Amino acid sequence: MRKQIAAGNWKMNLSLEEGQTLCHALKSADRPQNVLTILGVPCPYLKSMHDICIDDSICIAAQNVHHEKNGAYTGETSVSMVKSLGIDYVIIGHSERREYQKESNEMLKTKVDLALEASLTPIFCCGESLDVRKSGAQNDFVSQQLKESLFHLEGADFSKLIIAYEPIWAIGTGETASPQQAQDMHHALRTFIAAQYGQDIANGISILYGGSVKPGNAKEIFGQADVDGGLVGGASLKADDFTQIIHSF
Ligand code: PGA
């Protein structure tokens with residue numbers, strides 16, 4: 001039985017106070033026990049949000065970590081710093097970081113290794129651009145991202161991951177992949193994982209869909225056989241919207 005996960009990604013939004021208010025609202029909302037809720041919050045808020053949520057089955061994720069263990073990297077955050085705050089999850093390879101910070105598959109491979117070594121669970125993001133989708137090469141493109149960043153792992157480590165498929169053309173654009181497009185890609189990824197690690201491991205990995213998930217479309221997307229939840233940007237900033245999404249399984 002795969003974990004059902006509603007993960008929020010606040011990106012670079014909200015003040016500390018707004019974030020705290022949102023966490024308190026989510027905490028007090030009625031939430032189904034079988035859905036794991038994770039909030040990807042800005043680095044300066046990790047401790048505060050973790051302290052608010054700690055007793056309430058809402059987990060906190062960092063949105064990034066650096067690819068070196070420590071050293072002279074002004075402004076960066078290491079896996080051990082994140083872990084020392086009591087945080088258990090980290091988003092790795094979001095398309096915005098791949099694009100703006102030029103994060104390569106090779107660099108993300110290092111981040112995944114460091115995160116696992118520190119017992120942080122990576123939420124590994126993959127997804128194709130509109131050009132790639134138009135050319136019909138999306139399955140190959142996304143499979144390659146997994147292959148280059150993840151397939152060096154032993155099966156036992158690979159099974160600890162959460163994967164988020166986020167077509168870039170659907171992120172923050174209001175345009176969503178259709179439930180069938182999401183299912184097709186998730187199924188393709190699971191098949192690709194099965195070829196590398198076997199069906200049992202492939203069946204156990206939670207694959208989230210991301211890209212303009214909203215209360216109005218979450219149910220249909222999460223209802224697809226290979227979709228195990230969502231990584232939600234904009235709609236995770238509003239307690240009511242995100243609570244509705246958490247209830248969409
Ligand atoms: P969005 O962002 O829900 O605002 O499209 C998703 C993401 O980037 O994780």
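Heavy atoms only: backbone and side chains are in, while hydrogens, waters and symmetry mates are out. Remember, it's a predicted structure, so these values are computed and weren't measured experimentally. Each ligand, and each atom within it, is numbered from 1 in the order the structure gives.
If you number the atoms of ligand 1 from 1 as listed, the ones under 4.0 Å from a heavy atom of Asn9 come out as 9 (O). Those atoms of ligand 1 that come under 4.0 Å of a heavy atom in Ser212, given as number and element, are 1 (P), 3 (O), 5 (O). Residue-ligand proximity, Gly211 to ligand 1, at heavy-atom distances under 4.0 Å covers atoms 5 (O). Taking every heavy atom of His94 and a limit of under 4.0 angstrom, the matching atoms of ligand 1 come to 7 (C), 8 (O), 9 (O).
Given atom 3 (O) of ligand 1, the protein heavy atom at minimum distance is Gly233 N, 2.8 Å. With respect to atom 9 (O) of ligand 1, the closest heavy atom belonging to the protein is Glu166 OE2, 2.6 Å. Closest to atom 4 (O) of ligand 1, if we only count protein heavy atoms, is Gly234 N, 2.9 Å.
At a heavy-atom cutoff of 4.0 Å, ligand 1 is contacted by both the backbone and the side chain of Ile171.
No side-chain donor-acceptor contact under 3.5 Å links Ser206 and Gln4. Inspection of the Arg31 and Ser57 side chains reveals an N or O donor paired with an N or O acceptor under 3.5 Å. Looking only at atom types and distance, the side chain of Thr121 has no donor-acceptor partner in the side chain of Asp88 under 3.5 Å away. Residues His186 and Asp228 bring no donor and acceptor atom of their side chains to less than 3.5 Å of each other.
For Phe192 and Phe151, the ring centers sit closer than 6.0 Å to each other.
Below 3.5 Å of separation, one finds no N or O of Thr173 facing any N or O of ligand 1.
Between Asp140 and Lys147, none of the side-chain N atoms (NZ, or NE/NH1/NH2) sits under 4.0 Å from a carboxylate O, so this pair counts as no salt bridge. Salt bridge status for Asp55 with Lys27: absent, with no side-chain N to carboxylate O gap under 4.0 Å.
Heavy atoms of Lys214 stay at 4.0 angstrom or farther from ligand 1. Within the 4.0 Å heavy-atom cutoff, Gly172 counts among the residues contacting ligand 1. Ligand 1 is approached by Ala170 to a heavy-atom distance shorter than 4.0 Å.
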### Task
Please step through side chain to side chain contact (heavy atoms under 4.5 Å, CB included) for the pair Glu148 and Glu106, ending with a clear verdict.
CA-CA 7 Å; Glu148 291 183 14; Glu106 187 64 26; 6.0 Å; no
